[in-house]
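Chain A is the first sequence line, chain B the second, and so forth, proteins listed ahead of strands; every chain is numbered from 1.
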Amino acid sequence: MTFHDFNLHSSLTESIDMMQYNEPTPVQAQAIPEILSGRDLIGCAQTGTGKTAAYLIPTIQHILDHPKEASQCLILAPTRELAKQIDQQIDGFGYLTGVTSMAIYGGSTGGEVWSRQRNAMENGAEILVATPGRLIAHMRMGYVQLDHIRTLILDEADKMLDMGFFEDIIQIVNELPTDRQTLLFSATMPKKIRLLADRILRDPAEVNIAISRPAEKIDQSAYLVHDHQKIDLMEHILRQMDVQSMIVFTSRRSEVNKIVRAINKLGFQSKGVSSDLDQNAREEVMREFKNGQLPIVVATDVLSRGIDVDNISHVVNYDIPQDAEDYIHRIGRTARAERTGVAITFINGEKQHRVRRIEELMEMELPKLPLPEGFEPGPAYNPEKRSSGAAPNQRRKKKRKPKGPQSEASASAATPAPTATPTAGAAEGEVKKKKKRKKRRKPRPQSNPSSNEQSPS
DNA sequence: AAAAAAC
């Protein structure tokens, strides 16, 4: 099967060829015909499956068939970086098709960004890619016309609900024509997603490419380390492995700059991305990282989903992600396209119970490697420790130890000089933001007219 | 239980 089988507009087919999409991925093969038919759709698919193109191609086809001078498609995404990336992907299609788009998200300084966004909406950029908060901010100003929106797409819907966007999404949907096509993509299908789908989709088709199993091209392994050993282990990895480019993930914003400084002190070059950094800095770091100028990015889970950067050879989980799903997303940043990648997770003594959940989700064991020579022994592996809440006698599937090549950690002691070359005087964490702790008091009980709760006092 | 997202 090829993209030519979909009978698309010639400029769209040419774009697809130009962007070197060869053969439709499974999501694309299943979703594109359904979306072209005009049906609503629920897509259970992770990033890296070609999901974005799966919804962009038929949507652009529709726009080419029905040219209008108004916005026709609204895409909602959870993070600014993802919105921007989707917008850039549309630009790729727009080169030959002429389809216009605009990313609508907050954080950028300068009122000029605001007016550019406003201008795009008023002049009918055909596709709007927005984070919910900023779109609503524009809507409040009164000039946003959404009555020509024919397609609504929710990308990473589960993440958006996690972030508390349910009400925002409903508020936006209420401004859209009821006669529209709605596409919802989500990595998982919890009840909340079903409820949202029941509310805003009509008789949706379902496409299921739910791979909770990450690509086999990723060489996964883990080390049991004490927290104080982490940076030494990091150094070992950077010096011993052939690191082209790397993302280091941490669950806490407050750790990002610490890790950046520690890595740079070793003579490597890294910069951080998290919501603590202002948007311009975030985007500058991403630009350098995508260009290959910057070899190492240290990030929170803001970058775990969807971000597509070529050539990331290594992902290091400096800690274990909160949600097992996030682990799959994080390591999916490597081994993009035809490449292979290495994912290494640092497990400390306290958060071992999270590992078990990840292994259950993946239905495979995460190989635990012994610490390299010269390291003091790390903590013992005991993932059951904190699981007091779970049913103790629950029978668990025996897991096969995945066979195949062991991690190259030990194998490549003789690696040539790493590409992520140490550089003298690498810029140290330049964005030093003293975090002002907003002491949050218990929220005041709000008078809520719609609730009849009575509290005995 | 932390992250992100509006000014």
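Spacing between atom CZ of A:R253 and atom C1' of B:dA5 amounts to 11 Å, rounded to whole angstrom units. Atom C1' of nucleotide B:dA1 and atom CG of A:D323 are separated by 9 Å, given to the nearest angstrom. With rounding to whole Å, A:R305 atom CZ is found 14 Å from B:dA2 atom C1'. Remark: C1' of B:dA5 and CG of A:L303 are 15 Å apart, rounded to the nearest angstrom. Protein atom CD of A:Q322 is 9 Å distant from nucleotide atom P of B:dA1, rounded to whole Å. Put simply, CD on A:E350 is 14 Å from C1' on B:dA1, counting in whole angstrom units. Between the CG atom of A:L161 and the C1' atom of B:dA5 there is a distance of 14 Å, rounded to whole Å. For the pair A:F165 CZ and B:dA6 P, the interatomic distance rounds to 6 Å; values are reported in whole Å.
Side-chain polar atoms of A:S251 and A:D319 form a donor-acceptor pair below 3.5 angstrom.
In this structure, A:Q181 contributes its side chain and A:I35 its backbone to a donor-acceptor pair below 3.5 Å.
Within the nucleic acid shown, A:R354 has no heavy atom closer than 4.0 Å to any nucleic acid atom. Using a 4.0 Å heavy-atom distance criterion, A:D162 is classed as a base contact. Backbone-only contact: A:G107 has heavy atoms under 4.0 Å from sugar-phosphate atoms and none from a base.
With salt bridges taken as basic N to acidic carboxylate O contacts below 4.0 Å, one links A:K230 and A:D227.
Between B:dA2 and A:T300, no contact under 4.0 Å exists linking OP1 or OP2 to a side-chain N or O.
Counting atom types as modelled, A:R140 pairs a side-chain N or O with a base atom of B:dA6 as donor and acceptor under 3.5 Å.
If you check B:dA6, B:dA4, B:dA2 against the side chain of A:R282, the one that comes closest is B:dA4.
The side chain to side chain donor-acceptor pair (under 3.5 Å) test with A:Q117 is passed by exactly one of A:H138, A:E112, A:E122: A:H138.
Applying the 6.0 Å contact sphere to OH of A:Y95 captures no more than 12 heavy atoms from other residues, nucleotides or ligands.
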